[in-house]
Protein chains: 2
Amino acid sequence: MLDIDNIFEKIKLDGHRLTKIRKAMIGILFADKCLLSASEIRTRLSVSGLSADRTTVYRELGFLLEKNIIKEIRIADRKTYYEIVSPEHHHHLVCTKCNSVQEIVMGNHLKRQEDRIYKKARFKVLAHSLEFYGLCRNCR
Amino acid sequence: MLDIDNIFEKIKLDGHRLTKIRKAMIGILFADKCLLSASEIRTRLSVSGLSADRTTVYRELGFLLEKNIIKEIRIADRKTYYEIVSPEHHHHLVCTKCNSVQEIVMGNHLKRQEDRIYKKARFKVLAHSLEFYGLCRNCR
DNA sequence: TATTTATTGCAACAATGTTGCAATAGACAA
DNA sequence: TTGTCTATTGCAACATTGTTGCAATAAATA
Ligand SMILES: [Mn+2]
Ligand SMILES: [Mn+2]
Ligand SMILES: [Zn+2]
Ligand SMILES: [Zn+2]
């Protein structure tokens with residue numbers, strides 16, 4: 001999931017259409033990379049001259065989730081965020097003062113914990129969510 | 001934060017009132033310990049013969065959060081959950097099939113990661129959220 | 001250009017959460 | 001027990017996020 005044109009192609013090969021809104025939304029998610037909410041995406045669409053109904057944005061987000069092009073992330077502000085699925089699994093550092101977000105790659109520490117969880121609780125971990133909250137370099 | 005009566009006492013000492021709804025909500029959160037939503041709490045209140053307005057439940061949850069008696073947790077179903085602050089910091093194993101929730105204590109692995117984050121990114125971690133999703137013992 | 005149907009917009013709805021304001025009921029003193 | 005003070009509550013009204021059915025529109029292809 002590296003190049004935006006690969007994504008466009010894959011969508012067409014699957015028998016779907018490359019509409020203006022679809023292309024623009026993927027473009028927006030690609031440009032920003034990290035944590036955009038549905039309403040933010042809608043705002044950016046209209047800034048770029050494309051107005052889309054709320055329904056359309058949600059349906060498109062559903063479509064992109066199904067195609068595994070984006071993923072959903074919920075952080076501690078009761079909004080749902082979306083971002084392009086990147087090759088490297090990562091987590092987020094959310095600054096509680098300026099609301100900035102950095103990404104962080106964590107190695108395989110969690111994998112080991114998940115093995116331990118399986119042995120201890122017989123619970124098979126398939127996914128996890130991990131976000132850190134605190135103060136960024138500028139805000140401390 | 002071990003005994004429910006300690007909590008009642010602390011609330012009174014802080015100049016607040018022990019109303020029926022307040023006592024009942026704390027009782028409900030204490031009895032269940034783990035992950036109750038606002039609407040679930042409201043349902044349990046009315047089952048126990050106490051009807052409370054939605055507004056009241058949210059305001060009380062806000063109060064209990066401020067007093068650090070409960071904490072908020074968001075898992076991947078777009079609801080906000082609440083649970084009593086327990087002495088032992090823990091995470092959750094959420095079964096995506098039967099929706100059951102288990103608690104899991106993880107030692108200090110994350111603490112070490114947080115030190116690393118500070119050294120690497122100069123980001124001071126103050127809190128984190130970590131939940132695991134997968135299949136419980138019965139559902140695999 | 002005509003045809004097919006995936007996609008879109010609109011209306012209507014549901015769930016969660018918030019605010020202002022007047023009424024109610026805990027706590028405490030008399 | 002009764003009266004007073006004000007923290008708490010309920011109600012109405014609203015905001016935001018998210019969903020569904022249905023008719024209109026516009027990509028893709030022949
Ligand atoms: Mn990210
Ligand atoms: Mn718990
Ligand atoms: Zn910051
Ligand atoms: Zn299960």
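Chain naming here is simple, since letters A, B, ... match the order of the sequence lines and numbering starts at 1 in each.
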Check this one for me: any side-chain N or O of [X] less than 4.0 Å away from OP1 or OP2 of [N]?
X	N	result
B/Lys79	C/dT16	yes
B/Lys12	C/dA27	yes
B/Tyr58	C/dG17	yes
A/Lys20	D/dA26	no
A/Thr55	D/dT19	no
B/Thr19	D/dT9	yes

Nearest nucleotide by nearest heavy atom, which residue falls closer to the 5' end of DNA chain C, B/Leu18 or B/Tyr82? B/Tyr82
By nearest-nucleotide position on DNA chain C, the 5'-leaning member of B/Arg54 and B/His16 is B/Arg54
Picking from [options], which would you name as closest to the side chain of [X]?
X	options	value
A/Arg17	C/dT16, C/dT8, D/dA28	D/dA28
A/Ala38	C/dC10, D/dG18, D/dT17	D/dG18
A/Asp53	D/dT17, C/dT16, C/dG9	C/dG9

Take atom NZ in A/Lys20; do more than 12 heavy atoms of anything else shown fall under 6.0 Å from it?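 No, NZ of A/Lys20 has 12 or fewer neighbouring heavy atoms, counting only those of other groups under 6.0 Å.
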Taking C-beta and beyond as the side chain, do B/Val94 and B/Phe132 meet within less than 4.5 Å on heavy atoms? no
Distance, rounded to the nearest Å, where [X] contributes [atom1] and [N] contributes [atom2]:
X	N	atom1	atom2	answer
B/Phe63	D/dT6	CZ	C1'	14 Å
A/Leu50	C/dT8	CG	C1'	12 Å
B/Tyr81	C/dG17	OH	P	10 Å
A/Arg42	D/dA15	CZ	P	15 Å
A/Leu61	C/dT7	CG	C1'	15 Å
B/Lys23	C/dA25	NZ	P	17 Å
B/Lys67	D/dT8	NZ	P	9 Å

Counting any heavy atom closer than 4.0 Å, what does B/Ser37 reach on the DNA or RNA strands: base, sugar-phosphate only, or nothing?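 Nothing: the residue B/Ser37, judged by heavy atoms under 4.0 Å, touches no strand.
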Going by modelled atom types, is there a donor-acceptor pair between the base of C/dT7 and the side chain of A/Arg59 at under 3.5 Å? no
Quiz item: B/Arg22 side-chain donor-acceptor pair to D/dT8 base, under 3.5 Å: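 For B/Arg22, whose side chain was compared with the base of D/dT8, there is no donor-acceptor pair (under 3.5 Å).
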Does a donor on one side chain and an acceptor on the other come within less than 3.5 Å for A/Glu103 and A/His91? no
Please give me the minimum heavy-atom distance between B/Leu61 and B/Ala38, naming the atom from each residue.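 Taking B/Leu61 first and B/Ala38 second, the nearest heavy atoms are CD1-CB, 3.9 Å.
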If you assign B/Gly15 and B/Val57 each to the DNA chain D nucleotide with the nearest heavy atom, which residue ends up on the more 5' nucleotide? B/Gly15
Can you tell me which residue among A/Arg112, A/Arg116, A/Gln113 is in a side chain to side chain donor-acceptor pair (under 3.5 Å) with B/His109?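 For B/His109, the side chain to side chain donor-acceptor pair (under 3.5 Å) test succeeds with only one of A/Arg112, A/Arg116, A/Gln113, which is A/Gln113.
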Mind checking what makes side chain to side chain donor-acceptor pair (under 3.5 Å) contact with B/Arg140, not counting sequence neighbours?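 Checked B/Arg140 against side chain to side chain donor-acceptor pair (under 3.5 Å); matches are A/Tyr118.
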